[in-house]
Amino acid sequence: MDNSENEKQIALDRRYIRMASIWAENSYCKRRQVGALIVKDKMIISDGYNGTPSGFENVCEDENNITKPYVLHAEANAITKIARSNNSSDGATMYVTASPCIECSKLIIQAGIKRVVYSEKYRLEDGLDLLKRAGIEVVYIPIENEQS
């Protein structure tokens, strides 16, 4: 990739990661809102945010503010949405607002996603380590404050 192509990719990455952060606002979770987009050939082919499975009440935390065990992560929601469509995530890029956990990283690998762009670091990095071990390109792009 030459410099101008690289700059175009970085500009696209920044745009999509901002879109993923806006998508995260759809989450009903109080502790943390996470958004994910899957992009292939410059088209958004899937999206997701963290929340309860379809048909469940939109409450992510119990009375002690602990996330319920059946809450789906944004990445899992975006990947499972692909399974219900005619799209394929093979070779796609996932944009996710938080770095993927180990469970979501396994799904990302199996879905054939080749790049993961994330904007918030999580205290555990085992998910990122697994993605790198699988040969997936991992890119950290913090979301810049638009108010400046």
Hydrophobic cluster membership, [X] vs [Y], 4.5 Å side-chain cutoff:
X: Val96; Y: Ile108; answer: yes
X: Ile38; Y: Met19; answer: no
X: Leu12; Y: Ile136; answer: no
X: Ile143; Y: Ile44; answer: yes

Margin query: A quick test of your reading: do over 12 heavy atoms of other residues, nucleotides or ligands sit less than 6.0 Å from NZ of Lys30?
Written below: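 Atom NZ in Lys30 is not packed in, count stays at 12 or less.
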Between [X] and [Y] (side chain of the first, backbone of the second, donor and acceptor by atom type, cut-off under 3.5 Å), is there such a pair?
X: Lys40; Y: Gly91; value: no
X: Ser46; Y: Lys81; value: no
X: Thr97; Y: Ala20; value: no
X: Glu75; Y: Leu107; value: no
X: Asp41; Y: Met43; value: no
X: Tyr16; Y: Lys42; value: yes
X: Asn50; Y: Val71; value: no
X: Ser27; Y: Gln33; value: no
X: Asp62; Y: Asn64; value: yes
X: Asn87; Y: Ile82; value: no

Item checked: From Val34, Leu128, Leu131, residue fulfilling side-chain contact (heavy atoms from CB on, under 4.5 Å) relative to Tyr118 ->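 With Tyr118 as partner, Val34, Leu128, Leu131 yield a single side-chain contact (heavy atoms from CB on, under 4.5 Å), made by Leu128.
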Next item on the list: Identify which one of Ile79, Leu37, Val39 satisfies the side-chain contact (heavy atoms from CB on, under 4.5 Å) criterion when paired with Met94.
Entry: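 One option only clears the test, and that one is Ile79.
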Once rounded to the nearest 0.5 Å, what's the spacing between atom [atom1] of [X] and atom [atom2] of [Y]?
X: Glu120; Y: Ile17; atom1: CD; atom2: CD1; result: 9.0 Å
X: Trp23; Y: Ser21; atom1: CH2; atom2: OG; result: 12.5 Å
X: Ile102; Y: Leu124; atom1: CD1; atom2: CG; result: 9.5 Å
X: Ser105; Y: Glu125; atom1: OG; atom2: CD; result: 11.0 Å
X: Arg31; Y: Asn65; atom1: CZ; atom2: CG; result: 6.0 Å

Next item on the list: Just do the side-chain contact (heavy atoms from CB on, under 4.5 Å) check on Val59 and Lys68 with the steps written out, would you?
Entry: CA-CA 8 Å; Val59 179; Lys68 294 178 179 178; 3.9 Å; yes
Item checked: side-chain contact (heavy atoms from CB on, under 4.5 Å) between Glu103 and His73, worked out -> CA-CA 9 Å; Glu103 292 302 319; His73 288 188; over 6 Å; no
Notebook entry, point to check: Quick one: disulfide (SG to SG under 2.5 Å) pairs with a partner in residues 35-73, sequence neighbours left out?
Noted result: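 As it turns out, the disulfide (SG to SG under 2.5 Å) pairs with a partner in residues 35-73, which skip direct neighbours, are Cys29-Cys60.
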Item checked: Pairs satisfying disulfide (SG to SG under 2.5 Å), at least one member in residues 68-126, at least two apart ->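 Every pair satisfying disulfide (SG to SG under 2.5 Å) with a residue in residues 68-126: there are none.
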Next item on the list: Assess whether salt bridge (charged side-chain N to carboxylate O under 4.0 Å, His left out) is satisfied between Glu5 and Lys8, documenting all intermediate values.
Entry: CA-CA 5 Å; Glu5 279 182 63; Lys8 278 184 192 165; over 6 Å; no
Note to self: Determine whether Tyr140 and Val138 satisfy the following criterion, side-chain contact (heavy atoms from CB on, under 4.5 Å), listing intermediate values before the conclusion.
What the structure shows: CA-CA 7 Å; Tyr140 169 65; Val138 176; over 6 Å; no
Next item on the list: Mind listing the closest non-hydrogen atom pair of Asn77 and Tyr49 along with its distance?
Entry: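 Closest heavy-atom pair between Asn77 and Tyr49: ND2-O, 2.7 Å.
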Ignoring hydrogens and angles, write down the donor-acceptor pairs under 3.5 Å from the side chains of residues 109-117, residues two or more places apart or on other chains.
from, atom 1, to, atom 2, distance (Å)
Arg115, NE, Glu137, OE1, 3.2
Arg115, NH1, Asp13, OD1, 3.2
Arg115, NH2, Asp13, OD2, 2.7

